[in-house]
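Report on the structure given below.
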Amino acid sequence: MSGFPLRNRPMLDPALLRGDISETARQLASRGYDLDIATFEALEAERKRVQGETQELQHRRNTRSKAIGIAKGKGEDVSALLAEVAGLGDALKVNEQRLADIQARIAEISLGIPNLPDATVPVGTDEAGNLEQHRWGTPRSFDFDVQDHVALGSRRGWLDGDAGAKLSGTRFTVLRGELARLHRALAQFMLDLHTAEHGYLECNVPLIVNVQTMQGTGQLPKFEEDLFATQVGDTRRYLIPTAEVALTNLVADEIVDADSLPRRLAAHSLCFRAEAGAYGRDTRGMIRQHQFEKVELVSITRPEDSVDEHERMTRCAEVVLEKLGLPYRRMLLCTGDMGFSAARTYDLEVWLPSQQTFREISSCSNCTDFQARRMQARWKNPQAGRNELVHTLNGSGVAVGRALIAVMENYQHADGSIGVPQALRPYMGGVERIA
RNA sequence: GGAGAGAUGGCCGAGUGGUCGAAGGCGCUCCCCUGCUAAGGGAGUAUAGGGUCAAAAGCUCUAUCGAGGGUUCGAAUCCCUCUCUCUCCGCCA
């Protein structure tokens with residue numbers, strides 16, 4: 001067993017697994033997930049049978065018990081009726097246990113199945129299959145040898161990986177002085193932009209969440225090794241890998257009014273990732289850290305609005321880079337490169353002069369009803385007269401640490417000083433350059 | 001950390017072992033009456049899952065009264081554990 005109190009909440013529409021399961025399996029295969037159809041169908045058949053038997057037993061018990069109650073009320077002798085139900089309880093208990101076991105096994109499989117890719121997503125196995133959508137800005141040409149952010153940062157002791165390693169280990173960094181201030185300015189700027197101009201509601205959320213919350217957005221049970229965990233007494237909690245977890249789960253187990261949609265939420269938060277699967281990658285500098293900051297955008301929408309909202313949200317992230325004057329490109333991720341919960345994802349990649357390449361700085365995903373089903377997040381559809389699942393979207397708007405790197409490298413001068421983008425100067429006391 | 005109280009349907013609020021999925025009220029929906037921005041009468045009004053059905057509707061079964069477990073032929077009601085909320089005390093950024 002996984003050790004998690006798994007909710008019996010599938011991630012995909014159960015109808016997709018009971019109906020044309022081979023078509024569903026084909027779509028899942030396109031993103032590298034191998035659905036064992038035979039096993040799943042066998043479990044489903046078994047479940048159906050045992051559930052039927054269990055319900056039949058429950059029905060018998062209920063009717064007999066009711067008869068006993070009525071007979072007693074009339075003062076009749078109930079010993080014959082009691083004899084009739086003898087042994088029924090034990091049989092029922094056995095069946096209920098069997099049913100629970102089967103359902104747990106089904107849940108374990110269901111919870112590990114990723115979202116179905118949208119029909120417009122290109123098929124591919126890795127990032128090489130991603131499609132560039134457009135570019136913005138022109139990478140600056142330098143008339144001197146560019147330095148990377150590590151060199152630029154260590155010159156004045158602004159960026160100190162050794163100090164981070166001493167305190168915590170690898171992939172931790174200490175920022176100081178003007179660079180720490182620039183980092184803070186970036187976060188303030190982004191959050192202000194999204195709240196003041198893009199209509200997002202600023203939120204400040206817990207960084208430590210419970211198991212159910214992690215399960216709601218899909219981090220658990222499958223990706224526990226990517227998370228930092230806490231244990232107090234026998235209560236286990238997890239540090240959020242992104243504010244998406246907290247913001248999206250705000251609607252878990254809620255039935256929201258139609259006129260409150262779309263809900264647009266933004267938060268600046270710390271993020272914690274174990275980076276278990278990335279041992280050799282980006283070990284230099286602060287590109288890939290265990291702890292970093294991010295401004296996150298989350299939208300909760302009606303199902304029919306999520307496609308448009310995805311475009312809108314991605315634009316909100318792009319505007320951040322444009323206002324900062326950072327060249328970037330938008331990539332449509334292929335099936336093999338998308339995250340677990342996403343049906344469709346755009347990545348924004350920012351230009352890093354030291355690497356002469358674009359590096360991911362934002363990821364905007366439409367999760368359709370995938371997370372909503374698991375969270376049981378619904379809205380009242382006035383037309384259908386029913387409670388239906390909402391759609392959830394999330395996007396970075398944008399990663400603060402990586403934005404800092406991008407600013408350092410793109411705005412560097414020959415002497416190692418760093419220009420402050422126009423948009424950040426109000427947050428830097430008007431300073432135009434840090435040196 | 002200590003002491004106490006509580007958790008019932010969209011909301012309020014009854015219900016301490018038996019025809020309780022749950023009285024009553026509010027709200028909401030539909031109908032009727034009323035020449036009317038008032039009042040009255042009637043009906044309806046939880047969610048999820050299974051089965052049946054081509055499907056929907058319908059019918060039917062099961063589960064759900066904070067969560068999990070227990071006692072019992074039978075639990076909203078009794079017992080245990082947990083979570084959360086409120087009040088008071090202590091501590092604290």
Side-chain angles (χ1 to χ4, degrees), chain A residues 1 3-20 41 43-107 110 204 206-216 230-238 249-260 270 369 372-390:
Chain A
M1 290 305 293
F4 294 115
L6 294 177
R7 288 174 157 187
N8 193 10
R9 290 177 173 179
M11 309 203 58
L12 290 178
D13 186 343
L16 291 170
L17 295 171
R18 298 205 191 103
D20 190 353
E41 288 190 323
L43 277 171
E44 265 295 307
E46 172 102 351
R47 191 221 88 229
K48 207 174 279 191
R49 192 173 61 73
V50 175
Q51 183 165 344
E53 287 174 17
T54 304
Q55 293 189 348
E56 168 61 23
L57 286 170
Q58 287 170 329
H59 179 52
R60 267 165 62 196
R61 181 204 59 196
N62 289 348
T63 52
R64 300 307 140 83
S65 294
K66 197 166 275 187
I68 290 171
I70 293 170
K72 269 199 171 173
K74 294 177 182 165
E76 294 170 2
D77 177 36
V78 296
S79 56
L81 287 166
L82 282 176
E84 215 175 315
V85 289
L88 216 161
D90 288 340
L92 188 54
K93 206 163 279 183
V94 170
N95 259 59
E96 283 176 340
Q97 186 54 51
R98 277 171 60 207
L99 182 60
D101 289 345
I102 294 165
Q103 286 180 324
R105 285 168 67 195
I106 291 176
S110 299
N204 189 292
L207 306 180
I208 302 173
V209 301
N210 58 33
V211 170
Q212 284 200 338
T213 299
M214 280 297 183
Q215 199 175 297
T230 69
Q231 184 101 23
V232 176
D234 45 14
T235 301
R236 198 169 175 77
R237 294 190 183 87
Y238 296 87
N249 275 283
L250 285 172
V251 291
D253 294 309
E254 301 271 331
I255 299 172
V256 303
D257 287 333
D259 56 17
S260 76
L270 285 159
D369 62 7
R373 181 170 297 103
R374 191 171 256 204
M375 294 188 299
Q376 282 301 297
R378 293 168 295 172
W379 66 295
K380 282 198 174 299
N381 182 343
Q383 296 197 315
R386 277 200 309 272
N387 299 331
E388 299 179 348
L389 296 170
V390 297

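Chain naming here is simple, since letters A, B, ... match the order of the sequence lines and numbering starts at 1 in each. Hydrogens, waters and symmetry mates are skipped; everything else that's a heavy atom, side chains included, is used. Please read these numbers as outputs of a predicted model, since none were measured by experiment.
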**OP:** Round to a whole Å and report the spacing from CZ of A:Arg64 to C1' of B:C73.
**Re:** 11 Å
Original post:
When rounded to the nearest Å, what value does the distance between C1' atoms of B:U71 and B:C59 take?
Top reply: 36 Å
**OP:** Name the pairing partner of B:G9, where a pair is Watson-Crick or G-U wobble with both distances under 3.5 Å, or state none.
**Re:** none
Original post:
So what does A:Arg378 hit on the nucleic acid, given a heavy-atom distance under 4.0 Å: a base, only sugar-phosphate, or nothing?
Top reply: sugar-phosphate
Original post:
According to the Watson-Crick and G-U wobble definitions, with both distances under 3.5 Å, which nucleotide is paired to B:U19?
Top reply: none
**OP:** Determine the minimum heavy-atom distance between A:Leu57 and A:Leu88, stating which atoms define it.
**Re:** O-CD2, 3.7 Å
Original post:
Starting at CG of A:Asp253 and ending at P of B:U83, how long is that distance when rounded to a whole Å?
Top reply: 19 Å
Original post:
With the sugar-phosphate defined as primed atoms, P, OP1 and OP2, and the base as all remaining atoms, what B/S/- string results for nucleotides 59-70 of chain B, 5' to 3', for protein heavy atoms under 4.0 Å?
Top reply: --BSS-------
Subject >> Pair partner, B:A63 [Watson-Crick or wobble, under 3.5 Å] >> reply: B:U47
Subject >> Any A:Val390 side-chain heavy atom under 4.5 Å of A:Asp369 side chain >> reply: no
Original post:
How many Å lie between CD on A:Gln51 and C1' on B:A48, as a whole number?
Top reply: 11 Å
Original post:
When the distance from NZ of A:Lys48 to C1' of B:G50 is rounded to whole Å, what number comes out?
Top reply: 9 Å
**OP:** Taking all non-hydrogen atoms of both residues into account, name the closest pair between A:Val251 and A:Ala377 and its distance.
**Re:** O-CB, 3.3 Å
Subject >> CZ/A:Arg98: more than 12 non-hydrogen atoms of other groups inside 6.0 Å >> reply: yes
Subject >> Side chain to side chain, A:Val256 and A:Arg378, heavy atoms closer than 4.5 Å >> reply: no
Original post:
Taking the same atom, C1', in B:C92 and in B:G4, what whole-Å distance lies between them?
Top reply: 23 Å
Original post:
Given the P atoms of B:A67 and B:G58, what is the spacing between them in whole Å?
Top reply: 28 Å
**OP:** Under a 3.5 Å limit for both distances, which nucleotide forms a Watson-Crick or G-U wobble pair with B:G40, could you say?
**Re:** B:C32
Subject >> B:U47 versus B:G10 - spacing of their P atoms, nearest Å >> reply: 8 Å
Original post:
Can you tell me the Watson-Crick or wobble partner of B:G68, both distances under 3.5 angstrom?
Top reply: B:C80
Original post:
Just how far, in rounded Å, is P of B:U71 from CG of A:Leu92?
Top reply: 13 Å
**OP:** Check the distance between B:U71's P and A:Asp90's CG and give it to me in whole angstrom.
**Re:** 10 Å
**OP:** Determine the Euclidean distance between corresponding P atoms of B:C61 and B:G21; express it in Å to zero decimal places.
**Re:** 12 Å
Original post:
Heavy-atom distance under 4.5 Å between the side chains of A:Glu96 and A:Gln58, does that happen here?
Top reply: yes
Original post:
Are OP1 or OP2 of B:G74 and a side-chain N or O of A:Lys66 less than 4.0 angstrom apart?
Top reply: no
Original post:
Between A:Lys72 and A:Gly52, which has a closest nucleotide on RNA chain B that is more 5'?
Top reply: A:Lys72
Subject >> P-based separation of B:A76 from B:U64 [nearest Å] >> reply: 7 Å
**OP:** State which residues pass side-chain hydrogen bond (donor to acceptor under 3.5 Å, both in side chains) with A:Glu254; sequence neighbours excluded, sorted by chain then number.
**Re:** none
Original post:
Between A:Arg60 and A:Glu56, does at least one N-O distance fall below 4.0 Å, as a salt bridge requires?
Top reply: no
Original post:
Quantified in whole Å, what is the C1' atom distance between nucleotide B:C65 and nucleotide B:C12?
Top reply: 16 Å
**OP:** Report the distance from atom CD of A:Glu254 to atom P of B:G10, rounded to the nearest whole Å.
**Re:** 12 Å
**OP:** Using the P atom on both, measure B:G69 against B:A63 and round to a whole Å.
**Re:** 14 Å
Subject >> G-U wobble or Watson-Crick pairing nucleotide for B:G58 (cut-off 3.5 Å, both distances) >> reply: B:U52
Original post:
Rounding to a whole Å, what distance do you find between A:Glu388:CD and B:U47:P?
Top reply: 12 Å
Original post:
Is it true that a side-chain atom of A:Arg374 and a backbone atom of A:Gln215 form a donor plus acceptor pair closer than 3.5 Å?
Top reply: yes
Subject >> Counter-base of B:G4, judged by Watson-Crick or G-U geometry with both distances under 3.5 Å >> reply: B:C86
